[in-house]
Structures are given as C-alpha cells and as structure tokens.
Undergrad: 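Would you mind keeping the following structure in view while I ask a few things?
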Amino acid sequence: MLTAEQITNILESEYLLETEPSIDEKTEFTHISYNSNDVRPNTLLFIKGHFKPEYLDEAIAKGVTAIVALDSFVHATSLPTWSVNDNLAAMSVLSMAFYDYPQNKLALIGITGTKGKTSSAYMAYEILKVATGNKVALSSTLMSITGPKPENQRRAHLTTPESLDLFMWMREAVDNGMTHMVMEVSSQAFKMERVYGLRYNVGIFLNISPDHVGENEHPTFQDYIEHKMMLFDHSEQIVLNTDSQHFSELIEHAAAAVPRDGLWLYGQYDEEDNRADVSFETVAANLQGSKFMVREENQQAGRLRIGGQYTLDIPGDFNESNATAVAIATRLVGADTEAIKEGLAVVQIPGRMQMMTSKMHGTIYVDYAHNYASISALLQFVRKNETVDQLRIVVGAPGNKGVSRRPGIGQAINEGADVAYLTADDPQYEDPAAIADEIQAQITADTVVVKREMDRTKAIEQAIREAGPNDVVVLAAKGLDEYQKINGIDTPYENDWVVAQRVVAELEN
C-alpha cells in the first residue's frame with residue numbers, strides 16, 4: 001500500500017516530481033499497475049509507452065483513482081496526476097516502496113554481458129539452491145522463479161522485467177522464504193530504468209561485443225557499452241572478465257566504482273601474461289561437458305578458497321569462463337566450495353547446447369546463440385569436438401531490434417559453416433526475407449552454400465532431411481521459444497527442439 005503523502009515525498013526525494021495533485025494526503029492506493037487492463041479499485045496507474053489518453057476513461061471505470069505520468073502527458077479527465085520528469089524512474093522507486101523494499105532482504109547477484117547471461121544465471125541458481133537449501137529466486141531470459149512451487153515459475157518475456165513486475169516478484173520471493181536472487185541485467189534494463197535505484201551485492205560482467213544497436217535499442221555501440229557498465233555503478237562488488245573485448249575501458253570504469261578489494265578479475269590461465277585474480281584452465285572436455293581447474297593467483301583471490309578442479313555439465317570453454325565468474329560471485333554471497341562443485345556438476349540450461357543424435361541425419365544442436373560472438377563460439381566448438389562432413393546452420397534474426405546483429409550472423413556463418421538455411425526468427429513488422437538479405441550479404445565464401453526458406457519449421461525439416469550421418473545441424477537463436485513475434489502477435493510455434501525431435505522421428509521410425 002502507498003499513501004498520497006508517501007508518493008509525493010518519494011518523488012520529491014528522487015528529484016522526479018514536477019507537480020503534485022490536489023488530493024488528500026491520507027488517500028491510499030492498494031494496487032499499482034502500468035497496464036490499463038490490470039486495474040482494480042484504488043489503483044495508481046503509471047502512464048508509459050504509447051498510452052492513448054482515451055484509455056483513461058475505461059481505466060477509471062475499473063478503479064484507477066490517480067496516475068503518475070510525464071509532465072508532457074495531456075488528458076481530458078480530472079484524474080489526480082503526479083507529473084514527473086522521468087516516468088520510468090518514478091515507477092521503479094514507487095514500486096519498490098509499494099512492495100516494501102523486498103530487495104533489502106535478498107542477497108542479489110546481477111549478471112550482464114553480450115553472451116552467456118542466461119547460462120551464468122542458471123549456474124548461479126543451481127549453486128545457491130544447494131548452498132541455501134533451495135531458497136534462491138531467479139530472473140532470467142527464460143524463466144522467473146520466486147519459490148519452489150510450480151505456481152512460482154513463469155515464462156519470461158523480457159531479459160529483465162519491468163520494474164513494477166520485478167519488485168512484485170521480489171516481494172513474492174521474500175514472502176516465500178527466499179534469501180538470495182540471481183538476475184540477468186540487460187543494457188535495456190538500465191536504459192529503460194527497469195532497475196532504477198536497485199543495488200547488487202555482486203555484479204558480474206561477462207563480456208562485451210557489438211550487439212543491440214538499432215533504432216529501437218542503442219543508437220551506437222558506445223551507448224550500448226556505457227549502459228552495460230552502469231552495473232558497475234550499482235554493485236557493491238564486481239566480477240570482471242579480463243579476456244573481454246574493451247577490457248581497458250571496462251577496468252577503468254570498474255576501478256572507479258569499487259575499491260580494489262571489491263573488484264575480482266577472472267580469465268583464462270596464461271602463464272606469461274596473467275592479469276586475473278582467479279584463472280581457469282581446461283583439464284578435459286567432450287560433448288557432454290568438461291573438467292577445469294580454477295587457480296587463485298594472488299593473496300586477494302586466496303581469501304575465496306575456491307581453487308581446485310570442477311566438473312561442468314555443459315560443454316564449451318566459454319562456459320568454463322562463465323562458471324569461474326559464477327563461482328566467485330556465489331562464494332561472495334555465502335556459497336561454499338562444495339555447493340559450487342555440486343551446482344556446476346548438475347546444471348542444465350533449457351534450450352542451451354541441447355543435443356540429439358540421429359541414426360542417418362547426424363547430430364543436431366539447439367541453442368539460443370543469436371549474434372556473432374555466440375554463433376561463432378558455437379560453430380568453433382562443434383568443429384573442435386565433432387567429426388563433421390558438413391556443418392549446417394538454420395538461423396535468422398529478429399525484426400525491429402538488434403539490427404547490428406545481422407552482419408555478424410553472416411560473418412559467423414562465413415567463417416564456420418558449410419551450409420546455411422536462412423529463415424525467420426521473430427520478424428515482427430519486418431519482412432524476414434529482407435532480414436535474410438542483410439545476413440546473406442556477409443556470406444562471401446565460395447565454400448558456403450546458402451539456402452532460403454522463410455517458414456522456420458520447413459527450414460529445419462529441410463536441413464535435417466538433407467543432412468548425412470556425419471553432418472551436424474545447428475538450430476540457432478530460438479531455442480525452446482514456443483512462439484514467433486509476427487506483426488506484434490505472439491504466434492504459437494512448436495519450438496526448435498520439438499520440431500527437430502518430430503522430424504527425426506518421422507524420418508527414421
């Protein structure tokens with residue numbers, strides 16, 4: 001619950017308030033929302049996005065009694081209005097107050113990076129499940145989990161949810177007895193004020209590479225990296241990858257944000273040039289996972305006491321890097337070495353590096369890889385660990401977002417694939433064939449055969465049907481998504497894994 005007086009005081013204290021309404025200070029709001037369809041009596045409604053003023057009449061009829069809106073928002077009603085200079089920041093600070101600051105009762109790990117956020121979040125989640133006796137919540141691209149019961153698990157629609165939803169779920173997690181929470185934190189979360197006012201006990205910065213640059217996201221790469229680095233400014237301790245691109249810029253910002261004993265550097269072991277506090281090195285690896293060694297390289301790292309050998313139930317040296325970051329972060333919020341070892345040994349990420357083997361049509365991988373860095377790493381991994389006659393990839397790119405990814409996807413195909421099946425991803429309001437044109441423009445190698453089929457299900461069927469017993473088929477970017485975004489509608493879709501299973505069964509049974 002919030003009173004009118006509390007709303008005014010909070011907005012004033014954050015320098016967000018422009019004008020306040022003439023309203024009894026004791027007026028109480030027992031519900032808050034940013035969706036005019038989610039309204040009940042005594043609702044405070046946040047006006048955001050492309051909200052049409054005429055929607056207010058309907059919302060008032062349902063029970064909206066006041067609104068918070070930008071001072072530029074004009075409406076013809078007499079509804080009491082708090083006018084603010086930043087409506088998204090206002091929604092965040094008022095939401096955390098409405099739900100009684102649940103973040104203060106959770107040990108928070110925030111994870112950002114161009115690739116690896118979801119895998120790392122699930123690793124941390126599994127470790128902390130062991131360490132806390134299943135008292136850990138999760139906010140990821142795939143799922144939001146606020147407790148141990150099925151009703152506490154929701155499919156995610158954003159990498160980082162809107163602030164109101166985030167604090168509502170945090171409140172639910174606290175009420176369910178959760179003591180820790182692991183969050184993916186996107187650059188858009190900072191740009192769109194979804195985590196405004198939130199601080200993390202530990203912030204993990206995995207890596208950075210060009211992505212999310214476009215008309216509806218970041219105008220430039222510099223804007224992208226600056227919003228990623230905002231995690232540094234909102235974390236008590238920072239875990240940073242020394243192997244990341246732009247490391248000099250990252251370390252400069254991170255060092256200014258926290259003292260040296262709150263900055264934890266990790267990276268792949270390098271005997272000659274080791275900048276890391278904690279390093280990792282592969283001991284053994286196969287298609288099912290790997291064993292790797294973690295080394296504490298200095299006195300600061302020695303305080304962690306996490307040195308030793310670990311087993312990871314996910315393949316790829318890039319996942320060993322993520323696991324090392326997570327080992328540091330979870331240790332900093334109370335996990336012991338045994339919990340770290342147990343969690344990493346059992347972790348599975350839905351839709352990440354899922355593999356099936358067919359009798360006559362080779363090996364099929366399903367993965368969410370969706371940009372140059374992740375697709376390139378995946379194709380290199382397959383080349384390194386499989387005997388491949390033909391490496392085939394089915395991939396597209398989303399519409400109206402991540403436009404800068406498209407050339408990178410083409411470049412990764414150019415460098416690592418033999419046959420590419422260009423298809424639809426989430427085309428939204430764009431023509432998937434035009435998106436495919438942008439990808440194909442970067443596929444210049446004579447050795448790469450390009451095929452086009454904009455029906456994603458048919459493209460997967462074609463790729464598997466044409467694959468031989470020693471081929472590998474990579475289904476990239478959609479993972480276990482059960483819909484495609486087409487013209488603003490979430491259109492039902494089987495998901496890549498289900499399609500692949502069905503096609504293999506039809507061909508071989």
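Quick caveat: nothing in here was measured; it's all calculated off a predicted structure.
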Undergrad: Tell me whether D38 contacts the main-chain N or O of S33 through its side chain, where contact means a donor paired with an acceptor under 3.5 Å.
TA: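 No, the answer is negative, given that no donor and acceptor are paired below the 3.5 Å cut-off.
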
Undergrad: Can E184 and K115 be said to form a salt bridge (charged side-chain N to carboxylate O under 4.0 Å, His left out), step by step?
TA: CA-CA 11 Å; E184 291 185 50; K115 65 172 182 173; over 6 Å; no

Undergrad: Would you check if the side chain of N87 reaches a backbone N or O of I47 as a donor-acceptor pair within less than 3.5 Å?
TA: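 Looks like yes, one N/O pair under 3.5 Å.
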
Undergrad: For E482, is there an ion pair with R155 - N to carboxylate O distance below 4.0 angstrom?
TA: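 Result for this pair is yes, salt bridge flagged.
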
Undergrad: Would you sort out whether W82 and T8 count as a side chain to side chain donor-acceptor pair (under 3.5 Å), showing the intermediate values?
TA: CA-CA 8 Å; W82 278 272; T8 298; 2.9 Å; yes

Undergrad: Whether D223 and K191 form a salt bridge (side-chain N of Lys/Arg under 4.0 Å from carboxylate O of Asp/Glu) is what I want to check.
TA: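 Yes, charged N to carboxylate O under 4.0 Å.
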
Undergrad: For a side chain to side chain donor-acceptor pair (under 3.5 Å) check, start with the C-alpha distance between N495 and Y483, then their side-chain angles and the critical distance, and finish with the verdict.
TA: CA-CA 7 Å; N495 86 40; Y483 58 86; over 6 Å; no

Undergrad: Report yes or no: does N207 contribute a side-chain atom to a donor-acceptor pair with the main-chain N or O of S244 at less than 3.5 Å?
TA: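 Not confirmed, N207 side chain does not pair with S244 backbone.
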
Undergrad: Atom CD of residue position E252 - does it have more than 12 heavy atoms of other residues, nucleotides or ligands inside 6.0 Å?
TA: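 Count not over threshold, so no.
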
Undergrad: Any chance the rings of F190 and H227 have centres within less than 6.0 Å?
TA: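 No - the distance between ring centres of F190 and H227 does not fall below the 6.0 Å cut-off.
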
Undergrad: Assert yes or no for the condition that the ring centre distance of F292 to Y310 is strictly below 6.0 Å.
TA: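 Ring centroids of F292 and Y310 are less than 6.0 Å from each other.
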
Undergrad: Before accepting this row, confirm whether a basic side-chain N of the pair D425/K485 lies closer than 4.0 Å to the acidic partner's carboxylate O.
TA: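 K485 and D425: not salt-bridged.
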
Undergrad: Any side-chain to backbone donor/acceptor pair from D86 onto L88? Under 3.5 Å, distance only.
TA: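 The answer is yes, because a donor-acceptor pair under 3.5 Å joins these two groups.
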
Undergrad: Are Y55 and H75 an aromatic pair by the rule of ring centers under 6.0 Å?
TA: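 Not under 6.0 Å, so no.
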
Undergrad: Answer yes if the ring centres of Y266 and F280 are under 6.0 angstrom apart, and no otherwise.
TA: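 Ring centroids of Y266 and F280 are no less than 6.0 Å from each other.
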
Undergrad: Under 3.5 Å, is there a donor-acceptor pair between the side chain of S374 and the main chain of N371?
TA: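 Checked: pair present.
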
Undergrad: Any donor and acceptor pair, going by atom type alone, linking the side chain of R331 with main-chain N or O of L304 inside 3.5 Å?
TA: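 Pair found, side chain donor or acceptor close to backbone of L304.
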
Undergrad: Any ion pair linking R154 and D165 (charged N to carboxylate O, less than 4.0 Å)?
TA: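 Salt bridge flag = no for R154 with D165.
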
